A.B. asks: 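Pasting in a structure now, in structure tokens, and then I'll have a few things to ask.
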Number of protein chains: 2
Amino acid sequence: MTDRAQGARLAGLAALLADPTRATFCLLLLDGRAWTAGELARRAAVAPSTASGHLDRLVASGLCAQERQGRHRYVRLADRRAAALIEDLAGHLPPAPAATGLRAATASAALARGRTCYDHLAGRLGVAVTDAMLARGYIEGGFTLSTKGAEWMDTVLGAGPDSWPRSRRPAARACLDWTERRPHLAGRAGAEVCRAFLDLAWIRRVGTGRAVRLTADGVTALGAHLGIEDADALA
Amino acid sequence: MTDRAQGARLAGLAALLADPTRATFCLLLLDGRAWTAGELARRAAVAPSTASGHLDRLVASGLCAQERQGRHRYVRLADRRAAALIEDLAGHLPPAPAATGLRAATASAALARGRTCYDHLAGRLGVAVTDAMLARGYIEGGFTLSTKGAEWMDTVLGAGPDSWPRSRRPAARACLDWTERRPHLAGRAGAEVCRAFLDLAWIRRVGTGRAVRLTADGVTALGAHLGIEDADALA
DNA sequence: GCGACGCTTCGGCGGGTGCCGAACGGTTCG
DNA sequence: CGAACCGTTCGGCACCCGCCGAAGCGTCGC
């Protein structure tokens, strides 16, 4: 009885992502930015009318939020929790479909190197930064920010924990990337690192999507502050 | 192109849980034990033939595993990863449907008090134990097992980290219960605590399901070793 | 061996849902 | 004001999928 009711609720949530088109939308929105209905339709290869209906449903469910500007409809993930839901699920996907080995050679090479995942760094860059922070003891075992790490963020990035707004958001957590299949830093610290990197112009967004590119300053900085020697390979 | 392919893969995974009957099965299986096809059919209120098909699909997907014994078909979640997937998703359900307030008065009162969630303690008991371990500093902020906690597990439970098999399973992680809406201890430590509690006869399974009941010994032990004063309310 | 039992297969029904094209309304820009 | 553009609504199509009952198969128990 109530068993079945709980099942129905769970099924309802899963059903949101159980459609290829809606799932594609959600993955595209994982960069945390707002996309127009038309862009999403094109990327997902469906007619605008089809996209419109799906977006209605995503918004109605609370998973997405929208703002209308003129003749445009901008849609984004509603909040961090929504992003975490997508991430969680995507993290459980079987390893890889058929890694063609050419992945790095495609037009999205920049994306493979670095991108944002909702509000933190992902891709090879995100993994590299995370690995370096782990190696230097800034992050510890279960993805907690160490005292040393807090100090580093404060002095080098000007974004230490003391400057963060009070909230219950975890300071650090692991986000499993669905392409790199490696954990990388998410949570408040992840978001602040990403923001600081952008502020300091160590990285810059390219194109309209989630891709980011390491700048020349960034290459130097990553070497100096994180001991990443081969940072230019990420640029 | 590849955007859409990733979306399709994600949708396929979500579709497994997007059916009320399959979702109900998965929630029932969260206790980590094997149920027969008939039991699952009855609990989910569907015909045996319907259940059969769903179980085929769950097994084929790798989410569940089965063993046939005589005329019975025993089905269980395939592994910890499968359980984590269900937990993750269920943890994102909106707070509560319409908490009737009578929850504790139903026939499943024992279940409300304590149960196992795949391989660790959940329910009010699980939350209480977790809270006590947090209060005593056995678990720290981001759900990592402290040195003190490791010592405690070793001396009191006879199940310290040194005795664990080497694996990449996280020592401790939070599992968000879908009824209590409170995090409780999962991961290797959670599993060992549950096992030790059973071994020490502090808890005992009741019925065929996931419900566990605190024994008289357990009430005393929880008071002595975790400072849980009102443990009899959980018995 | 015969019935009871657990499960499965099959056929068929019904409902839900994703998809599109065409027509329409609103906004922007010339 | 008119054309281009973005998005939505609507109707209709097709398909998928969940569900059941009936029949069948293997196992268990008397």
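Only a predicted model underlies this, so the values are computations on that prediction, with no experimental measurement involved. Hydrogens, waters and symmetry mates are skipped; everything else that's a heavy atom, side chains included, is used.
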A.B. asks: May I ask you to say whether Arg205(B) pairs ionically with Asp31(B), meaning some side-chain N is under 4.0 Å from a carboxylate O?
C.D. replies: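 No.
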
A.B. asks: Could you tell me the separation between the CG atom of Leu55(A) and the C1' atom of dG7(D), rounded to a whole number of Å?
C.D. replies: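 Value for this atom pair: 10 Å.
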
A.B. asks: Can you work out whether Arg42(A) or Gly70(B) has the more 5'-proximal nearest nucleotide on DNA chain D?
C.D. replies: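 Of the two residues, Arg42(A) wins.
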
A.B. asks: What's the closest nucleotide to the Ala37(A) side chain, out of dT8(C), dA4(C), dT8(D)?
C.D. replies: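 Closest nucleotide among those given: dT8(D).
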
A.B. asks: Kindly say if Arg73(B) contacts the phosphate of dT8(C), meaning a side-chain N or O under 4.0 Å from OP1 or OP2.
C.D. replies: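 For dT8(C), OP1 or OP2 has a side-chain N or O of Arg73(B) closer than 4.0 Å.
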
A.B. asks: Run the salt-bridge test on Arg76(A) and Glu67(A) with the 4.0 Å N-O cut-off and return the result as yes or no.
C.D. replies: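 Counted as a salt bridge, because a side-chain N and a carboxylate O are separated by less than 4.0 Å.
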
A.B. asks: Would you kindly give the CG-to-C1' distance between Asp19(A) and dT17(C), to the nearest whole Å?
C.D. replies: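 Distance check: Asp19(A) CG to dT17(C) C1' gives 9 Å.
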
A.B. asks: CD of Gln69(B) versus C1' of dC7(C): gap in Å, rounded?
C.D. replies: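 Answer to the nearest Å: 15 Å.
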
A.B. asks: Could you please name the option among dA4(D), dC19(D), dC20(C) that lies closest to any side-chain atom of Ser49(A)?
C.D. replies: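 Comparing dA4(D), dC19(D), dC20(C) against the side chain of Ser49(A), the answer is dC20(C).
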
A.B. asks: Quickly work out the Asp56(B) CG to dC7(C) P distance and round it to whole Å.
C.D. replies: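 Atom CG in Asp56(B) sits about 13 Å away from atom P in dC7(C).
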
A.B. asks: Are the charged groups of Arg188(B) and Glu192(B) less than 4.0 angstrom apart, N to O?
C.D. replies: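 Result for this pair is yes, salt bridge flagged.
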
A.B. asks: Please determine, for the side chain of Ser52(B), which listed nucleotide (dC19(C), dT8(D), dT9(C)) has the closest atom?
C.D. replies: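 Output: dT9(C).
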
A.B. asks: Would you please confirm or rule out a distance under 4.0 Å between OP1 or OP2 of dC25(D) and any side-chain N or O of Arg68(B)?
C.D. replies: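 No, Arg68(B) has no side-chain N/O under 4.0 Å of OP1/OP2 on dC25(D).
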
A.B. asks: Can you say whether a donor on the side chain of Arg71(B) sits under 3.5 Å from an acceptor on the base of dC7(C), or the other way round?
C.D. replies: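 No.
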
A.B. asks: Please determine whether a side-chain nitrogen of the Lys or Arg among Arg80(B) and Glu87(B) lies less than 4.0 Å from a carboxylate oxygen of the Asp or Glu.
C.D. replies: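 No, no charged N to carboxylate O under 4.0 Å.
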
A.B. asks: Provide, to the nearest angstrom, the distance between the CG atom belonging to Leu17(B) and the C1' atom belonging to dG18(D).
C.D. replies: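 Those two atoms, CG and C1', are 16 Å apart.
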
A.B. asks: If you only use heavy atoms from C-beta on, which nucleotide in dT8(C), dG18(D), dT8(D) is closest to the side chain of Arg57(B)?
C.D. replies: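 Side chain of Arg57(B) sits closest to dG18(D).
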
A.B. asks: Quiz question: by atom type and distance under 3.5 Å, do the side chains of Arg33(B) and Thr116(B) form a donor-acceptor pair?
C.D. replies: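 Distance-only check fails for Arg33(B) and Thr116(B).
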
A.B. asks: Can you tell which of dC20(D), dA4(C), dC19(D) lies closest to the side chain of His54(B)?
C.D. replies: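 Looking only at side-chain atoms, His54(B) lies closest to dC19(D).
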
A.B. asks: What is the separation between atom NE2 on His72(B) and atom C1' on dA4(C), rounded to the nearest whole Å?
C.D. replies: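 It is 12 Å, rounded to the nearest whole Å.
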
A.B. asks: Side chain of Thr50(B) only, heavy atoms from C-beta on: which candidate in dC19(C), dT9(C), dC19(D) is closest?
C.D. replies: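 The nucleotide sitting nearest to the side chain is dC19(D).
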
A.B. asks: Tell me: CD of Glu39(A) to P of dC5(D), nearest whole Å?
C.D. replies: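 Taking atom P of dC5(D) as the reference, CD of Glu39(A) is at 16 Å.
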
A.B. asks: Can you tell me the distance, in whole Å, between the OH atom of Tyr74(A) and the P atom of dG7(D)?
C.D. replies: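 Answer to the nearest Å: 8 Å.
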
